[in-house]
Amino acid sequence: MGVLTTYEPKEVLTFFEEICGIPHGSGNVTMISDYLVNFAKERGLKYRQDDAKNVIIWKDGTAGYENSAPVIIQGHMDMVAVKESGLEKDMKTEGLDLEVLDGDWISAKGTSLGGDDGIAVAYGLALLDSDSIPHPPLEVVITVDEEIGMLGAAAMDCSDLKGRLVLNIDSEEEGIFTVSCAGGLSTICRIPYDSEEKTGTIVNVKLSGFCGGHSGVEINKGRLNSNIVMGRLLQAADDESLQLVTISGGEKENVISPVSEAKLLIAPEKADLFLDAFQAEFALIKEEYKTVESGLQVTICKEENQTVSCFTKESTEKIIAILMNIPNGIQRMNPDMPEMVQTSLNLGVVETVDGMVVLTNGLRSSSDSEKMYLLHRMESFIGLFGGSVEVEGNYPGWEYRAESYLRDICLAVYREQYGDEPVVEGIHAGLECGLFASKMDDLDCISYGPNMRDIHSFKELLSISSVGRTWELTKNILKKLQ
(Lines give C-alpha, C1' and ligand atoms only; values in the text may rest on other atoms or scores of the structure.)
Protein backbone atom coordinates (compact mmCIF):
# COMPACT_ATOMS: atom_id res chain seq x y z
CA MET A 1 0.00 0.00 0.00
CA GLY A 2 1.27 3.44 -0.89
CA VAL A 3 1.89 6.18 1.66
CA LEU A 4 -0.73 8.48 0.06
CA THR A 5 -3.48 5.97 -0.75
CA THR A 6 -5.77 7.08 2.10
CA TYR A 7 -5.58 10.79 1.25
CA GLU A 8 -7.69 12.92 -1.09
CA PRO A 9 -7.73 13.86 -3.90
CA LYS A 10 -6.88 10.24 -4.54
CA GLU A 11 -6.95 10.61 -8.34
CA VAL A 12 -4.11 13.17 -8.13
CA LEU A 13 -2.05 11.79 -5.25
CA THR A 14 -1.97 8.28 -6.74
CA PHE A 15 -0.17 9.63 -9.79
CA PHE A 16 2.05 11.85 -7.66
CA GLU A 17 3.22 8.86 -5.62
CA GLU A 18 3.90 6.87 -8.80
CA ILE A 19 5.99 9.76 -10.11
CA CYS A 20 7.93 9.91 -6.83
CA GLY A 21 8.83 6.24 -7.30
CA ILE A 22 10.64 7.04 -10.56
CA PRO A 23 14.04 8.77 -10.47
CA HIS A 24 13.60 12.05 -12.35
CA GLY A 25 16.27 14.55 -11.41
CA SER A 26 17.22 17.07 -14.06
CA GLY A 27 19.30 15.37 -16.76
CA ASN A 28 17.95 11.96 -15.72
CA VAL A 29 14.49 12.03 -17.30
CA THR A 30 14.31 9.06 -19.68
CA MET A 31 12.42 6.83 -17.23
CA ILE A 32 9.81 9.44 -16.31
CA SER A 33 9.38 10.48 -19.95
CA ASP A 34 8.81 6.87 -21.01
CA TYR A 35 6.33 6.45 -18.14
CA LEU A 36 4.29 9.32 -19.59
CA VAL A 37 4.39 7.78 -23.05
CA ASN A 38 3.18 4.43 -21.67
CA PHE A 39 0.39 6.26 -19.82
CA ALA A 40 -0.82 7.74 -23.13
CA LYS A 41 -0.51 4.44 -25.01
CA GLU A 42 -2.50 2.54 -22.39
CA ARG A 43 -5.38 5.02 -22.76
CA GLY A 44 -5.26 5.32 -26.53
CA LEU A 45 -4.38 9.03 -26.35
CA LYS A 46 -2.47 10.88 -29.03
CA TYR A 47 1.03 11.79 -27.85
CA ARG A 48 4.41 13.04 -29.01
CA GLN A 49 7.77 12.40 -27.38
CA ASP A 50 10.56 14.45 -28.95
CA ASP A 51 14.31 13.85 -29.03
CA ALA A 52 14.77 15.91 -25.86
CA LYS A 53 12.22 13.61 -24.08
CA ASN A 54 9.54 16.31 -23.77
CA VAL A 55 6.07 14.75 -23.92
CA ILE A 56 2.79 16.20 -25.20
CA ILE A 57 -0.48 14.30 -24.72
CA TRP A 58 -3.74 15.35 -26.38
CA LYS A 59 -7.32 14.67 -25.31
CA ASP A 60 -10.55 15.75 -27.00
CA GLY A 61 -13.01 18.02 -25.23
CA THR A 62 -15.84 16.43 -23.30
CA ALA A 63 -19.53 16.70 -24.32
CA GLY A 64 -20.47 20.32 -24.89
CA TYR A 65 -16.82 21.39 -25.08
CA GLU A 66 -15.86 19.74 -28.38
CA ASN A 67 -15.53 23.06 -30.20
CA SER A 68 -14.10 25.09 -27.33
CA ALA A 69 -10.65 26.67 -27.62
CA PRO A 70 -7.96 24.15 -26.63
CA VAL A 71 -6.28 24.61 -23.23
CA ILE A 72 -2.63 23.80 -22.54
CA ILE A 73 -1.90 22.26 -19.13
CA GLN A 74 1.81 22.75 -18.62
CA GLY A 75 4.49 21.68 -16.16
CA HIS A 76 7.89 19.99 -16.09
CA MET A 77 8.81 16.40 -15.27
CA ASP A 78 12.29 16.99 -13.82
CA MET A 79 13.03 17.84 -10.19
CA VAL A 80 15.98 19.31 -8.32
CA ALA A 81 17.38 16.09 -6.85
CA VAL A 82 19.28 16.91 -3.66
CA LYS A 83 19.77 14.93 -0.48
CA GLU A 84 20.88 15.42 3.08
CA SER A 85 24.62 15.14 3.66
CA GLY A 86 25.60 11.56 4.45
CA LEU A 87 22.38 9.95 3.18
CA GLU A 88 23.09 6.73 1.32
CA LYS A 89 20.68 7.04 -1.59
CA ASP A 90 21.43 7.13 -5.30
CA MET A 91 18.86 9.59 -6.63
CA LYS A 92 19.74 8.62 -10.21
CA THR A 93 18.47 5.07 -9.71
CA GLU A 94 16.24 5.08 -6.61
CA GLY A 95 12.80 6.53 -5.99
CA LEU A 96 11.85 8.72 -3.04
CA ASP A 97 10.78 7.56 0.42
CA LEU A 98 7.58 9.46 1.15
CA GLU A 99 6.07 10.26 4.51
CA VAL A 100 3.24 12.50 5.72
CA LEU A 101 4.00 14.97 8.51
CA ASP A 102 1.37 16.52 10.80
CA GLY A 103 -1.39 14.90 8.76
CA ASP A 104 -1.02 17.29 5.83
CA TRP A 105 2.55 17.76 4.59
CA ILE A 106 4.11 15.30 2.15
CA SER A 107 7.87 14.95 2.60
CA ALA A 108 10.62 12.71 1.22
CA LYS A 109 12.92 11.28 3.88
CA GLY A 110 16.31 12.96 3.59
CA THR A 111 15.80 14.23 0.03
CA SER A 112 13.98 16.84 -1.99
CA LEU A 113 10.40 15.89 -2.86
CA GLY A 114 9.96 17.20 -6.39
CA GLY A 115 6.56 18.73 -5.72
CA ASP A 116 8.12 21.29 -8.02
CA ASP A 117 6.91 20.17 -10.46
CA GLY A 118 5.69 16.62 -10.02
CA ILE A 119 2.34 17.91 -8.82
CA ALA A 120 1.71 19.54 -12.21
CA VAL A 121 2.37 16.21 -13.90
CA ALA A 122 -0.01 14.50 -11.48
CA TYR A 123 -2.75 17.06 -12.16
CA GLY A 124 -2.28 16.61 -15.91
CA LEU A 125 -2.45 12.83 -15.72
CA ALA A 126 -5.53 12.93 -13.48
CA LEU A 127 -7.31 15.13 -16.03
CA LEU A 128 -6.30 12.86 -18.91
CA ASP A 129 -7.34 9.76 -16.98
CA SER A 130 -10.81 10.99 -16.05
CA ASP A 131 -14.01 10.41 -18.00
CA SER A 132 -16.17 12.62 -15.79
CA ILE A 133 -14.42 16.01 -15.57
CA PRO A 134 -15.84 18.60 -18.03
CA HIS A 135 -13.07 20.27 -20.03
CA PRO A 136 -12.19 21.79 -23.42
CA PRO A 137 -9.72 19.96 -25.68
CA LEU A 138 -6.55 19.47 -23.65
CA GLU A 139 -2.90 19.64 -24.66
CA VAL A 140 -0.86 18.46 -21.68
CA VAL A 141 2.71 19.66 -22.20
CA ILE A 142 5.34 18.16 -19.88
CA THR A 143 8.88 19.41 -20.44
CA VAL A 144 12.31 18.19 -19.33
CA ASP A 145 15.22 19.90 -17.58
CA GLU A 146 13.36 23.05 -16.56
CA GLU A 147 15.47 23.25 -13.42
CA ILE A 148 18.77 23.52 -15.33
CA GLY A 149 17.86 26.28 -17.72
CA MET A 150 14.47 25.32 -19.21
CA LEU A 151 16.29 23.23 -21.77
CA GLY A 152 13.25 21.17 -22.72
CA ALA A 153 11.02 24.14 -23.41
CA ALA A 154 13.84 25.78 -25.38
CA ALA A 155 14.18 22.68 -27.58
CA MET A 156 10.46 22.05 -28.07
CA ASP A 157 8.78 22.37 -31.46
CA CYS A 158 5.43 24.02 -30.72
CA SER A 159 4.04 23.95 -34.26
CA ASP A 160 1.46 21.23 -33.49
CA LEU A 161 0.10 23.01 -30.40
CA LYS A 162 -3.21 24.72 -31.14
CA GLY A 163 -3.96 26.07 -27.66
CA ARG A 164 -3.29 29.69 -26.78
CA LEU A 165 -4.60 29.48 -23.20
CA VAL A 166 -1.95 28.10 -20.84
CA LEU A 167 -2.43 26.92 -17.26
CA ASN A 168 1.15 26.63 -16.02
CA ILE A 169 1.01 24.75 -12.71
CA ASP A 170 4.49 25.63 -11.47
CA SER A 171 3.97 28.03 -8.56
CA GLU A 172 4.28 27.26 -4.87
CA GLU A 173 1.81 29.40 -2.95
CA GLU A 174 -1.93 28.91 -3.06
CA GLY A 175 -3.94 32.05 -3.71
CA ILE A 176 -1.22 33.70 -5.79
CA PHE A 177 -1.50 33.93 -9.56
CA THR A 178 1.74 34.71 -11.33
CA VAL A 179 1.46 36.78 -14.50
CA SER A 180 5.10 37.63 -15.32
CA CYS A 181 8.57 36.33 -14.46
CA ALA A 182 12.28 36.99 -14.76
CA GLY A 183 14.48 35.73 -17.54
CA GLY A 184 17.81 34.17 -16.78
CA LEU A 185 20.90 32.23 -17.75
CA SER A 186 23.70 30.19 -16.21
CA THR A 187 27.36 31.15 -16.37
CA ILE A 188 30.08 28.51 -16.09
CA CYS A 189 33.27 30.27 -15.07
CA ARG A 190 36.52 28.33 -15.45
CA ILE A 191 39.61 29.71 -13.69
CA PRO A 192 42.90 27.86 -14.22
CA TYR A 193 45.32 27.43 -11.34
CA ASP A 194 48.98 26.43 -11.00
CA SER A 195 49.94 23.57 -8.69
CA GLU A 196 52.98 22.19 -6.92
CA GLU A 197 53.95 19.30 -4.65
CA LYS A 198 54.34 20.29 -1.03
CA THR A 199 54.42 18.78 2.47
CA GLY A 200 52.57 20.14 5.46
CA THR A 201 49.46 19.78 7.63
CA ILE A 202 46.24 18.99 5.78
CA VAL A 203 43.15 20.73 7.18
CA ASN A 204 39.72 19.65 5.92
CA VAL A 205 36.93 22.14 6.63
CA LYS A 206 33.24 21.65 5.91
CA LEU A 207 30.49 24.24 6.28
CA SER A 208 26.96 22.89 6.67
CA GLY A 209 23.57 23.61 8.20
CA PHE A 210 22.82 26.53 5.90
CA CYS A 211 19.15 27.07 4.96
CA GLY A 212 19.83 27.09 1.22
CA GLY A 213 16.67 27.28 -0.88
CA HIS A 214 15.49 28.47 -4.29
CA SER A 215 17.81 31.13 -5.69
CA GLY A 216 14.90 33.09 -7.16
CA VAL A 217 12.03 32.69 -4.73
CA GLU A 218 14.20 32.95 -1.59
CA ILE A 219 17.04 35.21 -2.71
CA ASN A 220 15.40 38.09 -0.80
CA LYS A 221 15.35 36.31 2.56
CA GLY A 222 18.90 37.21 3.56
CA ARG A 223 20.13 33.61 3.55
CA LEU A 224 23.84 32.92 3.42
CA ASN A 225 25.55 31.25 0.46
CA SER A 226 28.07 28.76 1.87
CA ASN A 227 30.42 29.26 -1.09
CA ILE A 228 30.64 32.99 -0.40
CA VAL A 229 31.06 32.34 3.33
CA MET A 230 33.95 29.97 2.61
CA GLY A 231 35.72 32.77 0.74
CA ARG A 232 35.25 35.11 3.68
CA LEU A 233 36.56 32.56 6.17
CA LEU A 234 39.64 31.73 4.11
CA GLN A 235 40.39 35.42 3.63
CA ALA A 236 40.06 36.13 7.35
CA ALA A 237 42.24 33.18 8.39
CA ASP A 238 44.77 33.38 5.54
CA ASP A 239 48.47 33.64 6.26
CA GLU A 240 51.52 33.26 4.06
CA SER A 241 51.47 29.44 4.34
CA LEU A 242 47.82 28.67 3.35
CA GLN A 243 47.40 26.80 0.06
CA LEU A 244 44.27 25.19 -1.38
CA VAL A 245 44.23 21.51 -2.32
CA THR A 246 40.58 21.39 -3.43
CA ILE A 247 37.47 23.51 -2.93
CA SER A 248 33.85 22.59 -3.63
CA GLY A 249 30.33 23.54 -2.65
CA GLY A 250 26.70 23.39 -3.68
CA GLU A 251 24.91 21.09 -6.12
CA LYS A 252 22.75 23.25 -8.42
CA GLU A 253 23.12 26.75 -9.83
CA ASN A 254 19.53 27.58 -8.87
CA VAL A 255 19.96 26.55 -5.23
CA ILE A 256 21.52 28.86 -2.63
CA SER A 257 24.50 26.71 -1.69
CA PRO A 258 23.95 24.98 1.70
CA VAL A 259 27.30 23.15 1.97
CA SER A 260 30.91 24.07 1.16
CA GLU A 261 34.15 22.15 1.66
CA ALA A 262 37.84 22.96 1.32
CA LYS A 263 40.97 20.88 1.69
CA LEU A 264 43.91 23.04 2.73
CA LEU A 265 47.66 22.68 3.16
CA ILE A 266 49.18 24.71 5.99
CA ALA A 267 52.67 24.88 7.46
CA PRO A 268 52.62 22.74 10.64
CA GLU A 269 53.67 25.62 12.89
CA LYS A 270 50.84 27.80 11.51
CA ALA A 271 47.98 25.27 11.66
CA ASP A 272 46.69 26.12 15.12
CA LEU A 273 46.82 29.87 14.46
CA PHE A 274 44.90 29.33 11.23
CA LEU A 275 42.23 27.26 12.97
CA ASP A 276 41.82 29.85 15.74
CA ALA A 277 41.31 32.63 13.18
CA PHE A 278 38.94 30.48 11.11
CA GLN A 279 36.80 29.58 14.12
CA ALA A 280 36.77 33.19 15.35
CA GLU A 281 35.50 34.49 12.01
CA PHE A 282 32.91 31.70 11.84
CA ALA A 283 31.64 32.74 15.30
CA LEU A 284 31.26 36.32 14.04
CA ILE A 285 29.23 35.14 11.05
CA LYS A 286 26.96 33.03 13.27
CA GLU A 287 26.31 36.06 15.43
CA GLU A 288 25.67 38.36 12.45
CA TYR A 289 23.13 35.97 10.88
CA LYS A 290 21.62 34.33 13.98
CA THR A 291 18.08 35.47 13.15
CA VAL A 292 18.27 34.01 9.62
CA GLU A 293 20.63 31.03 9.87
CA SER A 294 20.22 29.16 13.14
CA GLY A 295 21.86 25.87 12.17
CA LEU A 296 25.33 26.86 10.90
CA GLN A 297 28.02 24.27 11.59
CA VAL A 298 31.70 23.84 10.79
CA THR A 299 33.54 20.52 10.86
CA ILE A 300 37.35 20.50 10.89
CA CYS A 301 39.87 17.67 10.87
CA LYS A 302 43.68 17.65 10.54
CA GLU A 303 46.18 15.25 8.99
CA GLU A 304 49.79 15.85 9.95
CA ASN A 305 52.83 15.59 7.68
CA GLN A 306 51.14 14.97 4.32
CA THR A 307 52.62 15.47 0.84
CA VAL A 308 50.07 16.54 -1.76
CA SER A 309 49.61 18.40 -5.01
CA CYS A 310 48.20 21.79 -4.07
CA PHE A 311 47.49 25.21 -5.55
CA THR A 312 50.45 27.57 -5.55
CA LYS A 313 50.22 30.44 -3.10
CA GLU A 314 49.46 32.86 -5.97
CA SER A 315 46.65 30.64 -7.29
CA THR A 316 45.23 30.22 -3.79
CA GLU A 317 45.09 33.98 -3.31
CA LYS A 318 43.45 34.34 -6.73
CA ILE A 319 40.60 31.97 -5.89
CA ILE A 320 40.03 33.53 -2.47
CA ALA A 321 39.92 36.99 -4.09
CA ILE A 322 37.31 35.77 -6.58
CA LEU A 323 35.10 34.33 -3.84
CA MET A 324 35.44 37.56 -1.86
CA ASN A 325 34.47 39.82 -4.76
CA ILE A 326 32.30 37.90 -7.23
CA PRO A 327 28.83 39.48 -7.67
CA ASN A 328 26.30 37.46 -5.68
CA GLY A 329 22.81 37.94 -4.28
CA ILE A 330 20.44 40.81 -5.00
CA GLN A 331 21.83 43.34 -7.48
CA ARG A 332 18.77 45.58 -7.91
CA MET A 333 15.17 45.78 -6.74
CA ASN A 334 12.35 46.51 -9.21
CA PRO A 335 11.82 50.29 -9.38
CA ASP A 336 8.09 49.92 -10.10
CA MET A 337 7.45 47.19 -7.50
CA PRO A 338 9.98 47.88 -4.73
CA GLU A 339 9.17 44.64 -2.89
CA MET A 340 10.20 42.56 -5.93
CA VAL A 341 13.78 41.62 -6.81
CA GLN A 342 14.66 42.66 -10.35
CA THR A 343 18.20 41.33 -10.82
CA SER A 344 20.26 38.79 -8.88
CA LEU A 345 23.12 36.30 -9.03
CA ASN A 346 23.67 33.02 -7.18
CA LEU A 347 27.01 31.22 -6.94
CA GLY A 348 25.36 27.82 -6.81
CA VAL A 349 28.26 25.44 -7.46
CA VAL A 350 32.03 25.48 -6.90
CA GLU A 351 34.15 22.57 -8.17
CA THR A 352 37.84 21.73 -8.56
CA VAL A 353 38.20 19.89 -11.88
CA ASP A 354 41.27 19.12 -14.04
CA GLY A 355 43.40 22.09 -13.10
CA MET A 356 40.42 24.48 -13.00
CA VAL A 357 38.17 25.94 -10.36
CA VAL A 358 34.70 25.95 -11.94
CA LEU A 359 32.07 28.35 -10.66
CA THR A 360 28.47 27.94 -11.85
CA ASN A 361 26.22 30.92 -11.31
CA GLY A 362 22.48 31.38 -11.81
CA LEU A 363 21.69 34.88 -13.14
CA ARG A 364 18.13 36.25 -13.14
CA SER A 365 16.57 39.52 -14.21
CA SER A 366 13.21 40.81 -15.36
CA SER A 367 15.18 43.35 -17.45
CA ASP A 368 16.93 41.90 -20.51
CA SER A 369 19.36 44.82 -20.59
CA GLU A 370 20.32 44.32 -16.93
CA LYS A 371 20.70 40.59 -17.53
CA MET A 372 23.17 41.21 -20.35
CA TYR A 373 25.01 43.92 -18.38
CA LEU A 374 25.49 41.53 -15.48
CA LEU A 375 26.72 38.82 -17.86
CA HIS A 376 29.29 41.23 -19.34
CA ARG A 377 30.29 42.29 -15.82
CA MET A 378 30.89 38.64 -14.92
CA GLU A 379 32.93 38.08 -18.09
CA SER A 380 35.06 41.13 -17.31
CA PHE A 381 35.57 40.14 -13.68
CA ILE A 382 36.54 36.53 -14.38
CA GLY A 383 38.76 37.68 -17.27
CA LEU A 384 40.84 39.72 -14.83
CA PHE A 385 41.90 36.42 -13.24
CA GLY A 386 42.66 34.66 -16.52
CA GLY A 387 39.36 32.76 -16.58
CA SER A 388 36.66 32.19 -19.18
CA VAL A 389 32.86 32.31 -19.04
CA GLU A 390 30.47 30.00 -20.88
CA VAL A 391 26.73 30.72 -21.05
CA GLU A 392 24.03 28.05 -20.86
CA GLY A 393 20.22 28.09 -20.77
CA ASN A 394 19.62 31.72 -21.71
CA TYR A 395 15.84 32.10 -21.48
CA PRO A 396 13.54 35.11 -21.90
CA GLY A 397 11.36 36.71 -19.30
CA TRP A 398 7.57 36.69 -19.47
CA GLU A 399 6.04 40.14 -19.82
CA TYR A 400 2.82 41.18 -18.09
CA ARG A 401 -0.24 41.12 -20.38
CA ALA A 402 -2.49 44.13 -19.78
CA GLU A 403 -5.61 42.33 -21.06
CA SER A 404 -6.03 38.64 -20.34
CA TYR A 405 -9.19 36.60 -20.86
CA LEU A 406 -7.65 33.65 -19.00
CA ARG A 407 -6.59 35.76 -16.03
CA ASP A 408 -10.10 37.21 -15.73
CA ILE A 409 -11.61 33.69 -15.70
CA CYS A 410 -9.10 32.38 -13.15
CA LEU A 411 -9.61 35.30 -10.76
CA ALA A 412 -13.39 35.05 -11.00
CA VAL A 413 -13.31 31.30 -10.29
CA TYR A 414 -10.98 31.82 -7.34
CA ARG A 415 -13.25 34.46 -5.80
CA GLU A 416 -16.27 32.19 -6.21
CA GLN A 417 -14.53 29.14 -4.72
CA TYR A 418 -12.63 30.81 -1.88
CA GLY A 419 -14.75 33.86 -1.14
CA ASP A 420 -11.55 35.87 -1.06
CA GLU A 421 -9.42 38.06 -3.32
CA PRO A 422 -6.35 36.39 -4.89
CA VAL A 423 -2.93 37.97 -5.23
CA VAL A 424 -1.68 38.76 -8.74
CA GLU A 425 2.07 39.24 -9.05
CA GLY A 426 5.27 38.82 -11.03
CA ILE A 427 8.11 36.73 -9.60
CA HIS A 428 11.90 36.77 -9.57
CA ALA A 429 12.18 33.25 -10.87
CA GLY A 430 12.03 31.63 -14.27
CA LEU A 431 8.89 30.07 -15.66
CA GLU A 432 8.50 28.30 -18.96
CA CYS A 433 5.68 30.69 -19.90
CA GLY A 434 8.32 33.10 -21.18
CA LEU A 435 9.82 30.57 -23.59
CA PHE A 436 6.44 29.40 -24.86
CA ALA A 437 5.29 33.01 -25.29
CA SER A 438 8.40 33.69 -27.39
CA LYS A 439 7.49 30.78 -29.70
CA MET A 440 3.69 31.07 -29.92
CA ASP A 441 1.89 34.26 -30.91
CA ASP A 442 -0.76 35.78 -28.66
CA LEU A 443 -0.26 33.30 -25.82
CA ASP A 444 -2.42 33.95 -22.77
CA CYS A 445 -0.75 32.37 -19.70
CA ILE A 446 -1.19 32.22 -15.97
CA SER A 447 0.77 30.26 -13.34
CA TYR A 448 -0.46 28.92 -10.00
CA GLY A 449 -0.10 25.91 -7.73
CA PRO A 450 -0.60 24.44 -4.25
CA ASN A 451 1.33 25.34 -1.12
CA MET A 452 4.91 24.09 -0.91
CA ARG A 453 7.76 24.89 1.44
CA ASP A 454 11.55 24.82 1.06
CA ILE A 455 11.52 23.63 -2.54
CA HIS A 456 14.86 22.50 -4.02
CA SER A 457 16.00 21.29 -0.59
CA PHE A 458 15.78 18.11 1.48
CA LYS A 459 13.30 19.95 3.73
CA GLU A 460 10.77 20.31 0.89
CA LEU A 461 7.08 19.92 1.80
CA LEU A 462 3.82 19.78 -0.18
CA SER A 463 0.42 20.39 1.46
CA ILE A 464 -2.18 17.69 0.81
CA SER A 465 -5.14 19.92 1.66
CA SER A 466 -3.83 22.62 -0.67
CA VAL A 467 -3.38 20.04 -3.43
CA GLY A 468 -7.08 19.26 -3.03
CA ARG A 469 -8.24 22.86 -3.16
CA THR A 470 -6.03 23.60 -6.16
CA TRP A 471 -7.39 20.51 -7.91
CA GLU A 472 -10.94 21.84 -7.44
CA LEU A 473 -9.78 25.23 -8.69
CA THR A 474 -8.28 23.71 -11.82
CA LYS A 475 -11.44 21.73 -12.59
CA ASN A 476 -13.61 24.81 -12.03
CA ILE A 477 -11.43 26.92 -14.35
CA LEU A 478 -11.68 24.31 -17.11
CA LYS A 479 -15.44 24.13 -16.65
CA LYS A 480 -15.69 27.90 -17.28
CA LEU A 481 -13.59 27.78 -20.47
CA GLN A 482 -16.46 26.58 -22.68
Can you tell me if [atom1] on [X] sees more than 12 non-hydrogen neighbours from other groups inside 6.0 Å?
X	atom1	value
Glu66	CD	yes
Tyr373	OH	no
Asp51	CG	no
Glu251	CD	yes
Gln417	CD	yes
Lys475	NZ	yes

Min side-chain heavy-atom separation [X]-[Y] under 4.5 Å:
X	Y	answer
Trp471	Glu11	yes
Val229	Leu207	yes
Ile219	His428	yes
Leu138	His135	yes
Ile56	Leu161	yes
Asp117	Met79	no
Ser367	Gln342	yes
Ile142	Gln49	no

Enter the distance from [X]:[atom1] to [Y]:[atom2] here, rounded to the nearest 0.5 Å.
X	Y	atom1	atom2	answer
Leu363	Ser344	CG	OG	7.0 Å
Ile409	Ser404	CD1	OG	9.5 Å
Ser171	Ile427	OG	CD1	5.5 Å
Ser260	Asn225	OG	CG	8.5 Å
Ser180	Trp398	OG	CH2	7.0 Å
Leu461	Glu172	CG	CD	13.0 Å

State, without any angle test, whether [X] and [Y] hold a side-chain donor-acceptor pair at a distance under 3.5 Å.
X	Y	answer
Thr343	Glu370	yes
Ser465	Ser463	yes
Ser226	Ser257	yes
Ser26	Asp78	yes
Asn54	Thr143	no
Asn254	His214	no
Tyr7	Glu17	no

Before you tell me yes or no, could you show the steps for Glu218 and Arg223 under salt bridge (charged side-chain N to carboxylate O under 4.0 Å, His left out), namely the whole-Å CA-CA distance, both residues' side-chain angles and the distance that decides it to 0.1 Å? CA-CA 8 Å; Glu218 290 158 326; Arg223 296 180 180 181; 3.6 Å; yes
Using the six-membered ring wherever Trp is involved, compare the ring planes of Phe385 and Phe381 and label them parallel, tilted or perpendicular (cut-offs 30° and 60°). perpendicular
When the ring planes of Tyr448 and Phe177 are compared, do they come out parallel, tilted or perpendicular, using 30° and 60° as the limits? tilted
Side chain [X], main chain [Y], donor-acceptor under 3.5 Å:
X	Y	answer
Gln482	Gly64	yes
Arg43	Leu45	no
Thr111	Phe458	no
Asp129	Leu125	no
Glu460	Asp454	no
Glu139	Lys162	yes
Ser130	Leu127	no
Asp50	Lys53	yes

Apply side-chain contact (heavy atoms from CB on, under 4.5 Å) to residues Val391 and Ile188 and explain how you reach the verdict. CA-CA 6 Å; Val391 176; Ile188 298 91; over 6 Å; no
Between Trp58 and Tyr47, is the ring centre distance below 6.0 Å? no
Determine whether the aromatic ring centres of Phe39 and Phe15 lie less than 6.0 Å apart. yes
Would you sort out whether Cys445 and Leu406 count as a side-chain contact (heavy atoms from CB on, under 4.5 Å), showing the intermediate values? CA-CA 7 Å; Cys445 309; Leu406 181 61; 5.7 Å; no
Criterion side-chain contact (heavy atoms from CB on, under 4.5 Å) on Val166 and Asp444, from CA distance to verdict: CA-CA 6 Å; Val166 180; Asp444 194 355; over 6 Å; no
Residue pair Glu174, Ser466: steps toward the side chain to side chain donor-acceptor pair (under 3.5 Å) verdict: CA-CA 7 Å; Glu174 185 182 0; Ser466 183; 2.7 Å; yes
From the options Val349, Leu345, Val350, select the one residue that forms a side chain to side chain contact (heavy atoms under 4.5 Å, CB included) with Leu347. Val350
Electrostatic pair Glu472-Arg469, nearest N-O below 4.0 angstrom: no
Quick one: do Lys439 and Glu432 make a salt bridge, cutoff under 4.0 Å? no
Let me see the working for Val121 and Leu36 under side-chain contact (heavy atoms from CB on, under 4.5 Å), right down to the final yes or no. CA-CA 9 Å; Val121 182; Leu36 296 173; 3.8 Å; yes
What's the verdict on side chain to side chain donor-acceptor pair (under 3.5 Å) for Tyr35 and Glu18, showing C-alpha distance, side-chain angles and the deciding distance? CA-CA 10 Å; Tyr35 163 83; Glu18 286 185 14; 2.7 Å; yes
Partner of Ser215 by side-chain hydrogen bond (donor to acceptor under 3.5 Å, both in side chains), out of Glu253, Lys252, Arg364: Arg364
Check against salt bridge (charged side-chain N to carboxylate O under 4.0 Å, His left out), Lys83 and Asp90: CA-CA 9 Å; Lys83 62 182 181 179; Asp90 185 350; over 6 Å; no
For a salt bridge (charged side-chain N to carboxylate O under 4.0 Å, His left out) check, start with the C-alpha distance between Lys89 and Asp97, then their side-chain angles and the critical distance, and finish with the verdict. CA-CA 10 Å; Lys89 175 181 280 291; Asp97 300 313; 3.2 Å; yes
Less than 6.0 angstrom from the centroid, inside 45 degrees of the normal: does Arg407 satisfy that with respect to the ring of Tyr405? no
